[in-house]
Amino acid sequence: METVQQCPVCGNETFSPYLNCVDYLVSQKTFDIQECTKCQFRLTNPRPDAGEIGSYYKSDQYISHNDTGGGLISSVYRSVRSYTLRQKLQLINRLNNGPGRLLDVGCGTGAFLETCQQGRWTVAGMEPDSNARSVSEKKINGVITPDLTSVSTNEPFDAITLWHVLEHIPDLANTIQLLHTLTTTDGTVLIAVPNSDSYDAKFYKEYWAAYDVPRHLHHFTPSTIEPLFRQHGFVLADKQPMLFDAFYIAMLSSRYRTGKTDYLESIRVGLASNTKAKRTGQASSIIYMFKKAR
């Protein structure tokens, strides 16, 4: 285990307890979430170090690392995924006025890359899990690297995507600086992360599935992710909610709380979360679109 001594957003060195959450997916161990006393950035602290973290991903229910299995909730997820993949492709096409070069960081088994390739994008990926990387390599005509430092900087990318990936990355500063280097002058970096200030996060509290300790090392909110990227040369161009996430996360959360998925409650909480997000901007998960500062 390692302990984070300094807030990656503001540099403050003091934290206060925020929540204690159980790893329901793999280990059943309890982990602490702390909050920066200055900027309210939240993080899992202490957390597994580089030598330990891999063991916490060893589950057939970890959807991004396999294309089969995982039970009813995972089946629901996959049935909706084809629709959301098309939405994502439409989004990057709109932002970039058509196909270009795209890098998907944390590409998993390559579903999004395959969709973009079919949409005439030139694609590349980064995926540290060797099994998922092997599946992805069979789907696309592009390079899949095991880490971001291995991605070539010779040809920058028009779009770089991190779909629920940034919360897993331990070194935020170096990663965001690399993203800046790898992006064209007019390119876009799209970051999708859960929002720990959302209605469903507050409803389920320590049972909120999107805390996903200890795999999620950081727990972002709109008020903390924007200054984090600003200090590394990005400006927020736009953001939009991921509406399906509120229902999917509520299904998992209700199961974590009682041991059984409450589908009616999940629908009610998901609808309430999305409705309130229209007024507050605090959706369950949010896509942030960052551009390089001029």
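Predicted, not measured: the structure shown is a model, and the values here were computed from it.
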Heavy-atom donor-acceptor pair, R255 side chain to D262 backbone, under 3.5 Å: no
Transitive ILVMFWY side-chain link F244 to I191, under 4.5 Å: no
If you count heavy atoms of other groups shown closer than 6.0 angstrom to CD of Q28, is the number above 12? yes
Cut-off 3.5 Å, side chains only: do T122 and R101 have a donor facing an acceptor? no
Please list all pairs meeting ring pair (Phe, Tyr, Trp, His ring centres under 6.0 Å) that have one or both residues in residues 188-210, counting only residues at least two apart or in different chains. W208-Y211
Answer with yes or no whether the side chains of N96 and W121 bring together a donor and an acceptor at under 3.5 Å. no
For R294, check salt bridge (Lys or Arg N to Asp or Glu O under 4.0 Å) against everything at least two apart and list the hits. D186
Smallest heavy-atom separation, V165 atom then V105 atom, equals CG2-O, 3.2 Å
Can you find a side-chain donor-acceptor pair between D245 and H164 that sits under 3.5 Å? yes
F15: which residues meet the ring pair (Phe, Tyr, Trp, His ring centres under 6.0 Å) condition with it, sequence neighbours left out? none
Residues passing the side-chain hydrogen bond (donor to acceptor under 3.5 Å, both in side chains) test with D23, sequence neighbours excluded, are S27, R215
Given the rule in the side-chain contact (heavy atoms from CB on, under 4.5 Å) test, do N45 and I33 qualify, once you have shown the distances and angles that lead to the verdict? CA-CA 6 Å; N45 199 30; I33 295 177; over 6 Å; no
Please list all pairs meeting salt bridge (Lys or Arg N to Asp or Glu O under 4.0 Å) that have one or both residues in residues 224-233, counting only residues at least two apart or in different chains. E226-R230
Are side-chain N/O atoms of N131 and S134 paired as donor and acceptor at under 3.5 Å? no
Under the side-chain contact (heavy atoms from CB on, under 4.5 Å) rule, what do L89 and I92 come out as? Steps first, then yes or no, please. CA-CA 5 Å; L89 176 59; I92 63 168; 4.1 Å; yes
Backbone N/O of S136 and side chain of E127: donor-acceptor pair under 3.5 Å: no
Can you tell me which residue among S273, S266, S253 is in a side chain to side chain donor-acceptor pair (under 3.5 Å) with D200? S273
If we check side chain to side chain donor-acceptor pair (under 3.5 Å) with T44, which of these qualifies: E167, Q34, H219? H219
One pair to check against side-chain contact (heavy atoms from CB on, under 4.5 Å): V26 and K58. What are the steps and the verdict? CA-CA 7 Å; V26 176; K58 301 302 181 185; 5.5 Å; no
Assert yes or no for the condition that the ring centre distance of Y57 to H168 is strictly below 6.0 Å. yes
Kindly give the heavy-atom pair with the smallest separation between A210 and P194, and that separation in Å. CB-CB, 3.7 Å
Do N20 and T30 get their side chains close enough for a donor-acceptor pair, meaning under 3.5 Å? no
Working note: N12 + T37, criterion side chain to side chain donor-acceptor pair (under 3.5 Å); need CA distance, chi angles, decisive distance, verdict. CA-CA 8 Å; N12 180 42; T37 57; 2.9 Å; yes
Here the salt bridge (Lys or Arg N to Asp or Glu O under 4.0 Å) pairs for residues 272-292, sequence neighbours left out, are none
So, taking the atom named CD1 in I160 and the one named CG in L103, what distance separates them when rounded to the nearest 0.5 Å? 5.0 Å
Under the side-chain contact (heavy atoms from CB on, under 4.5 Å) criterion, do I144 and C107 qualify, and how do the steps go? CA-CA 9 Å; I144 310 292; C107 63; 4.0 Å; yes
Would you name the heavy atoms of Q231 and P8 that are closest together and state the gap between them? NE2-O, 3.7 Å
When you compare the side chains of T153 and T181, does any donor N or O come within less than 3.5 Å of an acceptor on the partner? no
Counting N and O atoms only, with roles assigned by atom type, does the side chain of K29 sit under 3.5 Å from a partner on the main chain of V22, one being a donor and the other an acceptor? no
Taking every non-hydrogen atom, the tightest pair across F234 and L179: CZ-C, 4.0 Å
Is there a donor-acceptor contact under 3.5 Å linking the side chains of T224 and H218? no
What heavy-atom pair brings Q117 and N141 nearest, and what distance separates the two atoms? OE1-N, 2.6 Å
All heavy atoms of G125 vs all of L113, minimum pair found to be CA-CD1, 3.9 Å
